[in-house]
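In what follows, a single structure is set out as structure tokens and then discussed.
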Amino acid sequence: CRVWLRPKEKLNKYMNWQQVVRHPAFIIGLVLKLILIFTCDTMFPKTYFIPFLDLAVQNMGTNPWTLLPAEHFPYGGFLFVWMLWPKLLGYLIFGEIALGNGPLGLFLFKLPLLLMDLLLLGLLVEATVQRWKPLLHFYWLNPISIYILYVHGQLDIVSVTLTLASAILLTRNRYMV
């Protein structure tokens with residue numbers, strides 16, 4: 001049985017997350033992304049994804065694809081659950097204010113995208129070992145990925161992150177068993 005995580009002493013040798021999260025480029029990118037999460041809503045998430053997730057939250061236990069046409073959320077169960085949990089948690093804590101396209105609703109919709117973005121950055125930093133500074137400029141501050149994720153609200157980051165994680169684990173012969 002092989003474990004995919006590195007021992008703690010090796011992890012510190014390969015990357016220092018304190019340096020990454022304290023770097024000005026990381027902080028600027030995170031602040032920019034948080035501002036965009038609360039303020040940007042485009043037609044596509046507002047018309048399709050958010051109403052679908054809101055209806056799923058309000059009708060727990062019902063197949064959400066029977067409530068709205070499939071084009072509102074043309075993805076599978078994993079992505080649905082990944083995008084649903086913040087909305088559901090927000091609804092349980094804050095009630096109706098967590099639904100819709102308000103600032104909290106947008107935050108709860110885009111929070112899983114930010115988490116996947118952070119995970120992808122972490123995977124890229126680990127894969128490049130000592131060359132993490134250019135990643136902050138070329139990936140973390142990339143205007144195209146910022147627009148796609150935080151302005152347009154597309155969900156592609158989830159499949160990209162999972163694919164990269166799988167490739168890294170396979171090439172290093174580290175399996176989660």
Side-chain angles (χ1 to χ4, degrees), residues 4-6 8 11 14-42 44-46 48-54 56-57 60 64 73-94 97-128 132 135-169 174 176:
W4 66 277
L5 295 173
R6 290 187 175 132
K8 193 171 187 175
L11 186 63
Y14 286 105
M15 68 178 180
N16 188 346
W17 269 104
Q18 290 177 353
Q19 288 178 334
V20 173
V21 298
R22 289 180 182 163
H23 194 276
F26 178 82
I27 295 168
I28 289 168
L30 186 62
V31 168
L32 174 66
K33 291 173 183 194
L34 286 171
I35 290 169
L36 292 173
I37 280 176
F38 282 103
T39 57
C40 290
D41 62 337
T42 58
F44 204 79
K46 186 168 43 174
Y48 294 104
F49 297 158
I50 293 175
F52 185 86
L53 293 170
D54 289 348
V57 165
M60 286 306 294
F73 199 83
Y75 304 102
F78 176 81
L79 193 54
F80 169 70
V81 171
W82 179 250
M83 297 303 295
L84 181 71
W85 70 265
K87 280 284 204 176
L88 180 59
L89 208 58
Y91 181 72
L92 294 174
I93 295 170
F94 301 109
I97 196 168
L99 303 178
N101 299 313
L104 181 59
L106 286 173
F107 173 74
L108 295 173
F109 171 71
K110 294 181 182 178
L111 177 63
L113 302 177
L114 177 63
L115 295 176
M116 279 292 173
D117 198 13
L118 287 165
L119 180 59
L120 182 57
L121 177 66
L123 291 169
L124 290 170
V125 166
E126 183 182 342
T128 58
W132 57 268
L135 277 173
L136 290 178
H137 297 103
F138 294 117
Y139 171 72
W140 188 246
L141 296 176
N142 184 332
I144 295 170
S145 67
I146 290 172
Y147 176 79
I148 290 170
L149 285 174
Y150 302 103
V151 176
H152 201 260
Q154 291 300 304
L155 312 178
D156 301 322
I157 189 78
V158 177
S159 58
V160 170
T161 303
L162 295 176
T163 301
L164 182 65
S166 299
I168 288 172
L169 293 174
R174 295 202 172 105
M176 295 189 312

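Residues: numbered from 1 along the sequence shown. As the structure is a prediction and not an experimental result, all values here were calculated from the model.
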> Side chains of Leu115 and Trp82: closer than 4.5 Å at any heavy-atom pair?
Replying inline: yes
>> Evaluate Leu155 against Leu113 for side chain to side chain contact (heavy atoms under 4.5 Å, CB included), listing each step before the verdict.
In response: CA-CA 7 Å; Leu155 312 178; Leu113 302 177; 3.8 Å; yes
> Does a side-chain heavy-atom distance below 4.5 Å link Leu114 with Leu34?
Replying inline: yes
> Does Phe80 have its ring centroid less than 6.0 Å away from the ring centroid of Tyr75?
Replying inline: no
>> Please check: side-chain N/O of Trp140 versus main-chain N/O of His137, any donor-acceptor pairing under 3.5 Å?
In response: no
> For Phe26, which of Val31, Leu118, Leu135 qualifies under side chain to side chain contact (heavy atoms under 4.5 Å, CB included)?
Replying inline: Leu118
> When rounded to the nearest 0.5 angstrom, what distance separates CG in Leu149 from NZ in Lys33?
Replying inline: 7.0 Å
> Knowing that exactly one of Leu162, Ile168, Thr161 qualifies, which makes a side chain to side chain contact (heavy atoms under 4.5 Å, CB included) with Leu164?
Replying inline: Ile168
> Closest heavy-atom contact between Gly100 and Ile50?
Replying inline: O-CG2, 3.4 Å
> Donor-acceptor pair, Lys87 side chain versus Ala56 backbone, under 3.5 Å?
Replying inline: no
> Any sub-3.5 Å donor-acceptor pair from His152's side-chain atoms to Gln154's backbone N or O?
Replying inline: no
> Between Ala25 and Leu136, which heavy-atom pair has the shortest distance, and what is it?
Replying inline: CB-CB, 3.9 Å
> Given Phe52 and Leu84, is the side chain to side chain contact (heavy atoms under 4.5 Å, CB included) satisfied, shown in steps?
Replying inline: CA-CA 10 Å; Phe52 185 86; Leu84 181 71; over 6 Å; no
> Between Phe73 and Tyr48, does the ring centre distance come in under 6.0 Å?
Replying inline: no
> Mind checking whether Phe38 and Phe107 have parallel, tilted or perpendicular rings, split at 30° and 60°?
Replying inline: parallel
> Which atoms form the tightest heavy-atom contact between Thr42 and Val151, and what is the distance?
Replying inline: CG2-O, 3.0 Å
> Heavy-atom count around Ile144 CD1 within 6.0 Å, excluding the residue itself: above 12?
Replying inline: no
>> Please give me the minimum heavy-atom distance between Val125 and Val20, naming the atom from each residue.
In response: CG1-CG2, 4.3 Å
> If every non-hydrogen atom of Phe109 is compared with every non-hydrogen atom of Pro45, which pair is closest and at what distance?
Replying inline: CE2-CB, 3.8 Å
>> Show the nearest heavy-atom pair for residues Leu123 and Ala165, with the distance to one decimal.
In response: CD1-CB, 3.7 Å
>> Surrounding CD1 of Ile97 (heavy atoms of other residues, nucleotides or ligands, distance under 6.0 Å), is the total greater than 12?
In response: no
